[in-house]
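The model shown is predicted, which means the values in this text are computed figures rather than measured ones. Along the sequence shown, residues are numbered consecutively beginning with 1.
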Amino acid sequence: MTFDLVAHDPQTKARAGVLTTDHGTIQTPIFMPVGTVGSVKAVHQRELKQDIQAQIILGNTYHLYLRPGLDTLQKAGGLHKFNGWDGPILTDSGGYQVYSLSNTRKIKEEGVKFRSHIDGSQHLFTPEGVMDIQRVIGADIIMAFDECTPWPCEYDYARRSLDMTHRWLKRCIQRIDETEPLYGYEQQLFPIVQGSTFRDLREKSAQFVAEQGRAGNAIGGLSVGEPAELMYEMTELCCDILPQDKPRYLMGVGTPANILENIALGVDMFDCVLPTRNARNGMLFTTQGIINIKNKKWEQDFSPIDVELGGYASTFYSKSYLRHLFHASEYLGGMAASVHNLTFYLWLVRSAREQILAGTFREWKERMVKQLMVRL
């Protein structure tokens, strides 16, 4: 796996790069659609590739471990063969799901015991086990097992959690380095910076992660309820410490404005369920601002969803028709809206890259942050 920086914006810390994996190249900055259980909800793989132009997607270790299970995935030849996606895949380690299952899990030095949200069965995730699981899933990029602390968080808890996350990281690295990929292509581990919103803990973690010398690095534990200004402060601090020549992945972020502001701070990779989750509830992101397609004002608006965006769903369906689908509870409504929103997110990072290459990112970003968050 290689990462080549091709441009820096002269007025911000934004950069454009090329991340090369055995399943293809990724032009950064990039947004990664979330395919939690091996499927980006309501979206075909053909649409992901041809309409949305996704370059990499996510799978989730916790969910894939429970369903369809490791035996099925291994017999299929890994997630790529199982779901038919032939581009790069990144797997989340399950740390965030463990965080969200706070009522049914116990965290110890060994790992995390938790109960399945499906049938209540009990399971244990250890750093070593999670590395093995991600090997079986077949991800190109494997995430370290960590604890995602809540916000707000007591300093002492965040400190103890961080120290354990670092000990877990060393175990993850040892396991990855002593095992081989199962399917004949390279799999690289990305460590995760934690530390809540405490500057000294974030600095400590970013330095520790940087010292591990892995192919890329992630920033976790943000976008969990903290104010956006705190997210940006912690992100900038981490980006200033993490190696310049390695990709930086900000986990679980976010709104269009969040993405543009964090690109300006030096982030290369993003993921979030927001575009598809909001799409299923009728919220559309467009090049002109945000639309609630359920509103009556769109009832007889026969113009395309977003003619400037391009792409099949955004230019073929009218606002009136899409509103009708939602009010009739037709599945096609959520499907078309999901394809549209993901098309928008990939357009957004692609446009950001073009502006970075042209040296005009800052002025464009400041204009777009205001424009894209307007409620239409």
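Residue pairs meeting the salt bridge (charged side-chain N to carboxylate O under 4.0 Å, His left out) criterion with at least one member in residues 335-355, sequence neighbours excluded, do not occur. Judged as a salt bridge (charged side-chain N to carboxylate O under 4.0 Å, His left out), not a single pair has a partner in residues 312-336 (not counting sequence neighbours). Counting only residues at least two apart or on different chains, the salt bridge (charged side-chain N to carboxylate O under 4.0 Å, His left out) pairs with a member in residues 27-53 are Lys49-Asp86. Counting only residues at least two apart or on different chains, no salt bridge (charged side-chain N to carboxylate O under 4.0 Å, His left out) pair has a member in residues 304-313.
A 4.5 Å side-chain heavy-atom check between Leu189 and Ile173 finds at least one atom pair inside the cut-off. In this structure, the side chains of Gln55 and Val349 stay at 4.5 Å or more apart for every pair of heavy atoms. Side-chain contact between His340 and Thr286: present, with at least one pair of heavy atoms (C-beta onward) separated by less than 4.5 Å. Two residues are said to be in side-chain contact when any heavy atoms from C-beta on lie closer than 4.5 Å; Thr149 and Tyr157 meet this criterion. Inter-residue side-chain proximity for Arg214 and Leu169 is flagged as unmet; no heavy-atom pair is nearer than 4.5 Å. At a threshold of 4.5 Å between non-hydrogen side-chain atoms, the residues Ile56 and Ile141 count as touching. Looking at Ile356 and Pro29, their side chains come closer than 4.5 Å, going by heavy atoms from C-beta outward. Within the 4.5 Å cutoff, the side chain of Val130 has no heavy atoms near those of the Cys172 side chain.
Crowding of Glu109 atom CD: a count of heavy atoms from other residues, nucleotides or ligands under 6.0 Å exceeding 12. Heavy atoms from other residues, nucleotides or ligands lying under 6.0 Å from OH of Tyr331 number 12 at most. For Gln122, the CD atom is densely surrounded, since the number of other residues' heavy atoms within 6.0 Å is greater than 12. Residue Glu178 qualifies as enclosed at atom CD: its count of foreign heavy atoms under 6.0 Å is above 12.
Atoms OG1 and CD, on Thr2 and Gln188 in that order, are 10.0 Å from each other to the nearest 0.5 Å. The distance from the CD1 atom of Ile293 to the CE atom of Met283 is 12.0 Å, given to the nearest 0.5 Å. For the atom pair Leu237 CG and Leu242 CG, the distance stands at 9.5 Å (nearest 0.5 Å). The CD1 atom of Ile107 lies 13.5 Å from the NZ atom of Lys113; values are rounded to the nearest 0.5 Å. Distance CG/Leu342 to CG/Leu348: 12.0 Å, rounded to 0.5 Å. Rounded to the nearest 0.5 Å, atoms CD1 (Ile219) and CE (Met251) are 10.5 Å apart.
Take His44 and apply the ring-ring contact (aromatic ring centres under 6.0 Å, His included) test, not counting sequence neighbours, and it matches no residue. Taking the ring-ring contact (aromatic ring centres under 6.0 Å, His included) definition, one finds that Tyr185 meets it with His23, His80, sequence neighbours left out. Residues satisfying the ring-ring contact (aromatic ring centres under 6.0 Å, His included) test with Phe208, not counting sequence neighbours, are His166. With sequence neighbours excluded, no residue forms a ring-ring contact (aromatic ring centres under 6.0 Å, His included) with Trp298. Every residue meeting the side chain to side chain contact (heavy atoms under 4.5 Å, CB included) condition with Lys297, not counting sequence neighbours, appears here in chain and number order: Asn295. Scanning for side chain to side chain contact (heavy atoms under 4.5 Å, CB included) contacts around Ser318 gives Ser320, Tyr321, with sequence neighbours left out.
Ring geometry for Tyr65 against His123 counts as perpendicular: the plane angle is over 60°, on a 0 to 90° scale with 30° as the lower cut. Ring orientation note: the planes of Trp364 and Phe361 are tilted relative to one another, at an angle of 30° to 60°. The aromatic rings of Tyr155 and Phe198 stand perpendicular to each other, their planes meeting at an angle above 60°, with 30° marking the opposite boundary.
In plain terms, the two heavy atoms of Ile259 and Phe31 that are nearest each other are CD1-CD1, 3.9 Å. In terms of heavy-atom proximity, Gly38 sits nearest to Asn83 at O-ND2, 3.2 Å. The two residues Phe125 and Ile133 make their nearest non-hydrogen contact at CE1-CD1, 3.6 Å. Nearest heavy atoms, Met1 versus Ala215: SD-CB, 4.3 Å. Between Thr343 and Gly310 the shortest heavy-atom distance is CG2-O, 4.1 Å. Residues Cys272 and Val253 share a closest heavy-atom pair of CB-C, 3.7 Å.
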Considering only distance and modelled atom types, tabulate donor-acceptor pairs under 3.5 Å from the side chains of residues 71-78, sequence neighbours left out.
| from | atom 1 | to | atom 2 | distance (Å) |
| --- | --- | --- | --- | --- |
| Asp71 | OD2 | Lys75 | NZ | 3.4 |

Review item, side-chain donor-acceptor pairs of residues 365-374, under 3.5 Å, at least two apart:
| from | atom 1 | to | atom 2 | distance (Å) |
| --- | --- | --- | --- | --- |
| Lys365 | NZ | Glu261 | OE1 | 2.9 |
| Glu366 | OE2 | Arg362 | NE | 3.4 |
| Gln371 | NE2 | Thr287 | O | 2.6 |

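Of the charged side-chain nitrogens involved, at least one lies within less than 4.0 Å of a carboxylate oxygen, so that Asp240 and Lys13 count as a salt-bridged pair.
Remark: the backbone N or O of Cys239 is paired with a side-chain donor or acceptor of Arg248 at under 3.5 angstrom. Using a distance-only test at 3.5 Å, with no hydrogens or angles considered, a donor-acceptor pair links the side chain of Asp140 to the main chain of Ile89. A donor-acceptor contact shorter than 3.5 Å links the side chain of Arg135 to the backbone of Thr179. Counting only distance, with no hydrogens or angles, the side chain of His324 and the backbone of Gly333 share no donor-acceptor pair below 3.5 Å. In terms of modelled atom types and a separation under 3.5 Å, the side chain of Thr61 and the main chain of Asp92 share a donor-acceptor contact. Distance alone, capped at 3.5 Å, is enough to place a donor-acceptor pair between the Gln134 side chain and the Met143 backbone. Not a single donor-acceptor pair under 3.5 Å links the side chain of Thr126 to the backbone N or O of Glu110. With Gln187 contributing its side chain and Ala139 its backbone, the two residues share a donor-acceptor pair below 3.5 Å. At distances below 3.5 Å, at least one donor-acceptor pair connects side-chain atoms of Glu226 with backbone N or O atoms of Val224. The closest donor-acceptor contact from the side chain of Ser205 to the backbone of Gln194 lies under 3.5 Å.
Aromatic pair Tyr62/His117: ring centres closer than 6.0 Å. A distance of 6.0 Å or more separates the ring centres of Tyr345 and Phe270.
With hydrophobic clusters built from ILVMFWY side chains whose heavy atoms lie under 4.5 angstrom apart, Leu58 shares a cluster with Leu346. Transitive grouping of hydrophobic side chains (ILVMFWY, heavy atoms separated by less than 4.5 Å) keeps Ile291 and Leu274 in distinct clusters.
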side-chain contact (heavy atoms from CB on, under 4.5 Å) assessment of Asn262 paired with Met231: CA-CA 9 Å; Asn262 282 299; Met231 179 210 302; 3.5 Å; yes

